[in-house]
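Heavy atoms only: backbone and side chains are in, while hydrogens, waters and symmetry mates are out.
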Amino acid sequence: KGAATASSVSAITAGTAGNVRIDQTDGGALTVTSATTTDGTLDVSVTAGGALTVDAATIGGAGRDIDLDTVGGGNITLGALTTAANASAADVIVDSSAAILDDDLQSTIVRADDLDFDAQGAIGATGSGDIDTDAVTAELSALAAGGIYVTEVDGITLDDVDTLNGNIVVTAGGDMIATDVIAGAAGAGDGNVTLRTLEAGNITIDAVIAQDDTVTIDAFGSLNDDAAADGLDIQAATVDLDAGTGIGATTAVELEATALSADSASGNIDIDSTAVTGVTVTTLTTGIGTITLDQTGNQTLAIDYSETVKGGITVNNTGADLTVTEMTAGGDLANISLATITTGSVLIDRIAAEEDSVTITAAAAGTGSIEESAVDAAADIIAGTIDLDAPNGIGALNSIEMVGGTTIDADTTAAAAHIALSNVSDRDTTLQAISTTGADANITIAQAGSGTLNAASAITTTDGDIAITSADSDIQLTTVTAG
């Protein structure tokens, strides 16, 4: 047991089955330069506001812990702390009445089976001040104002990591499991979460929360839900997801956000959005892989940019409008499907699936329509097969401009639910069922390019006019009925 008035203690060694305990009670700072046990614990306590620094400690024995604490306002600074080969429930337990700090040396690492840190301030700092660790699991709590900054050598499970008012930044060199990570409380500006794996490692998430703030997750490998049916994986105002080999590819990522971006170098993306306000997706991209985004909550969904190098894209929004500014599905058999469910219109600017299909469905109930989101002369849809269904009109306000359509199907049901389409194609175009069944609902189709316009099925209105024109080639009609 160390003297109560010591300012530093060095080269303490306990023999076989011997523990080391040091109590500093006079309020002065204490530095433990070196402490070693063969099969025993290290327990250091500093009271009356004194700070504690442990430069180096090596503790042997299964289940033998390092336990450090300060009382009355002293920081704890960590150097190279090692328990028995990171295994056998040998933990590092740190309870600071102020902050828990790193010694600013990247070469000194805290090694343990489990890290259990509680601080009345920050845990680590940005840059070289992050806590360097080699642990299996971690429970880290900043109980007063201050962030948490940790860099893990390999994989880690974040069992319980939280701040009262501060950012959380955890970087790992292997797989990361985020079981329970919460930055701040409700209210903007009291804490963001950043999780990332570098050079190797997947990220699996269960609950990551930065209410009214930002969650950023960057996985070198894949980013997935933990597959437990226990609610949302991510809650934040802004969510930015990046991965190397897929996002939600094994189990969809469930999230709540106002602003979202999700980008993967390759692999599938599958996201379920539970919206409490309108959602804007800035980017939604992958390489070789598919994209699926399903939103519920009766809120608008706007997608600024979405693309695959090779793969299809499916987006569904329940209960409100869906707006897509630019979307491209690359490669063969890469189709695009856009739909609103229950109610809501689909507004488009540029949707491209080249030789493949674009299917757009506005909800059958309510006043759903398919319209341009921006009135211009540029193509709204570029695809081979185009299937459009909406109760309240397709291009009724401004004609839907298409390029490359070889098979076109369009149907509306409501009164004054006009269909207005223009298509440019140098290949023959087949009109499948084109119909309006509501009162005073017209059909207008304009074709340009060298391809012949063929009507393979009936083109009908129940109560409306039909106008079909081709600027550059023939028109072949089967049955045209204007009611």
Side-chain angles (χ1 to χ4, degrees), residues 222-224 241-253 260-273 281-295 301-317 322-341 346-362 370 372-373 378-390 394 400-410 421 423-432 449 451:
S222 64
L223 168 58
N224 280 296
L241 308 179
D242 292 279
T245 57
I247 298 171
T250 58
T251 305
V253 173
L260 169 66
S261 62
D263 303 284
S264 186
S266 65
N268 297 339
I269 294 177
D270 192 350
I271 295 173
D272 292 339
S273 169
V281 180
T282 306
T283 59
L284 183 63
T285 66
T286 189
I288 299 175
T290 62
I291 294 175
T292 303
L293 172 60
D294 292 299
Q295 177 164 297
L301 174 60
I303 299 176
D304 292 340
Y305 181 80
S306 181
E307 181 181 19
T308 66
V309 174
K310 184 178 182 180
I313 302 174
T314 301
V315 179
N316 298 309
N317 188 33
L322 168 61
T323 302
V324 180
T325 301
E326 184 172 357
M327 178 175 287
T328 302
D332 297 333
L333 302 177
N335 304 318
I336 292 177
S337 175
L338 307 176
T340 56
I341 300 169
V346 181
L347 309 175
I348 58 175
D349 192 9
R350 185 183 186 279
I351 311 297
E354 294 297 339
E355 302 297 321
D356 298 303
S357 71
V358 168
T359 301
I360 303 177
T361 305
I370 299 171
E372 288 186 307
S373 61
D380 302 308
I381 302 173
I382 304 171
T385 300
I386 299 169
D387 187 355
L388 309 176
D389 290 280
I394 299 171
I400 300 295
E401 292 114 358
M402 303 175 292
V403 172
T406 56
T407 302
I408 300 172
D409 187 319
L421 307 174
N423 183 53
V424 177
S425 178
D426 290 327
R427 296 179 299 172
D428 292 349
T429 298
T430 299
L431 301 178
Q432 296 290 357

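Asp294 contributes no side-chain N or O that, together with a main-chain N or O of Asp272, makes up a donor-acceptor pair within less than 3.5 Å. Between the side chain of Ser266 and the main chain of Gly244, a donor-acceptor pair closer than 3.5 Å is present. Looking at Thr308, its side chain does come within 3.5 Å of a backbone N or O of Gly330 through a donor-acceptor pair. Of the possible donor and acceptor atoms, one in the side chain of Ser264 sits under 3.5 Å from a partner among the backbone N and O of Gly246.
Of the inter-residue distances, the one linking Leu338 atom CG with Asn317 atom CG reads 11.0 Å to the nearest 0.5 angstrom. A distance of 7.5 Å separates CD1 of Ile360 from CD1 of Ile400, quoted to the nearest 0.5 Å. The structure places OG1 of Thr245 at 10.5 Å from CG of Asn268, a figure rounded to the nearest 0.5 Å. Asp332 contributes atom CG, which lies 9.0 Å from atom CD of Glu355 (distance to the nearest 0.5 angstrom).
Counted by atom type alone, Thr361 and Asp389 present zero donor-acceptor pairs between their side chains at under 3.5 Å.
Minimum interatomic distance between Ile303 and Leu322 (heavy atoms only, all atoms of both residues): CD1-CD1, 4.5 Å. Residues Ala390 and Ala362 share a closest heavy-atom pair of CB-CB, 3.7 Å. When all heavy atoms of Ser306 and Ile313 are compared, the closest pair comes out as OG-CD1, 3.7 Å. What you find for Ile386 and Met402 is that their closest heavy atoms are CD1-SD, 3.5 Å. Contact record, Thr282 with Asp304: O-CB, 3.5 Å, taken as the closest heavy-atom pair.
If you run side-chain contact (heavy atoms from CB on, under 4.5 Å) between Ile408 and each of Thr385, Asp387, Thr429, only Thr429 comes through. The side-chain contact (heavy atoms from CB on, under 4.5 Å) with Ile381 is formed by just one residue from the set Leu421, Ile336, Leu388; it is Leu388. Screening Leu301, Ile341, Ile271 for a side-chain contact (heavy atoms from CB on, under 4.5 Å) with Gln295, the sole residue that qualifies is Leu301.
Scored by the salt bridge (Lys or Arg N to Asp or Glu O under 4.0 Å) test, Glu326 finds no partners at all (sequence neighbours excluded).
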